[in-house]
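Take a look at the structure below.
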Amino acid sequence: MSASETPPDVVPNDIRLYTLLASIPAGKVVTYGQAANLIGLPRRARWVGQMLKQLPKDSRLPWHRVINAQGKISLPLTRGQTQAERLRAEGVMVTQEGKISLKQYGWCV
DNA sequence: ACATTGACGCCCA
DNA sequence: GTGGGCGCCAATG
């Protein structure tokens with residue numbers, strides 16, 4: 001092993017998730033599963049949810065741009081309402097039920 | 001070490 | 001479109 005080769009895990013997974021979050025354009029959304037896939041962690045959707053949950057309340061990261069595969073907000077009403085408001089503030093149409101059109105707002109890479 | 005718990009996802013009725 | 005059931009996987013108790 002030469003020292004010049006880059007090990008596959010030099011960047012911790014949580015950092016990669018934060019980086020991805022920061023790269024999601026305002027007005028666009030991704031699903032938990034997509035977020036996991038995009039950082040090379042298939043089948044880790046639940047883990048993504050755990051990470052977002054543990055984010056400090058005053059975090060600057062756009063955690064609100066992550067929704068579930070059904071195109072809906074996965075949060076209990078209180079915080080879910082906050083997420084809906086944040087999204088609407090960026091021009092995303094969110095129904096009363098917390099439904100969002102992935103077709104229209106899904107972030108395509 | 002075993003059982004439960006989730007900000008999940010896919011399949012099927 | 002809507003549930004119900006099951007698989008998945010890290011964190012918790």
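Proteins get letters first, then strands, A, B, ... in listed order; numbering begins at 1 in each.
Of the candidates C:dC9, C:dA10, B:dA7, the closest approach to any side-chain atom of A:Arg79 belongs to B:dA7. Nearest nucleotide to the A:Arg43 side chain, out of B:dC10, C:dC8, B:dA7: C:dC8. When distances run from any side-chain atom of A:Ala69 to the nucleotides B:dG6, B:dG9, B:dA7, the shortest one goes to B:dG9.
Of the side-chain N and O atoms in A:Thr31, one or more sit less than 4.0 angstrom from OP1 or OP2 of B:dG9.
A salt bridge links A:Glu90 with A:Arg65; the closest basic N to acidic carboxylate O contact falls under 4.0 Å.
As a whole-Å value, the separation of A:Ile39 CD1 from C:dA10 P is 12 Å. One atom, CZ of A:Arg46, and another, C1' of B:dC10, lie 13 Å apart when rounded to the nearest Å. In this structure, A:Asn13 atom CG and C:dA11 atom P are separated by 10 Å, rounded to whole Å. A:Leu102 has its CG atom 15 Å from the C1' atom of B:dC10, to the nearest Å. The nearest whole Å value for the distance from the CG atom in A:Asn68 to the C1' atom in C:dT2 is 14 Å. Rounded to an integer number of Å, the gap from CH2 of A:Trp47 to P of B:dT5 is 23 Å. Atoms CD1 (A:Ile24) and P (B:dA7) sit 19 Å apart, rounded to a whole Å. Atom pair A:Leu77:CG and B:dA7:C1' shows a separation of 13 Å (rounding to whole Å applied).
Here A:Leu77 contributes atom CG and A:Arg79 contributes atom CZ; the two are 13.0 Å apart, rounded to the nearest 0.5 Å. Atoms CG and CG, on A:Leu17 and A:Asn13 in that order, are 9.0 Å from each other to the nearest 0.5 Å. Once rounded to the nearest 0.5 Å, the distance linking CG of A:Asp14 with CE of A:Met51 reads 4.5 Å.
Each of A:Lys99 and A:Arg44 lies near DNA chain C, and the nucleotide nearest A:Lys99 is the one positioned closer to the 5' end. Nearest-nucleotide positions on DNA chain B for A:Leu75 and A:Gln70 put A:Leu75 closer to the 5' end.
Within a 6.0 Å radius of CD in A:Glu97, other residues, nucleotides and ligands contribute 12 heavy atoms or fewer.
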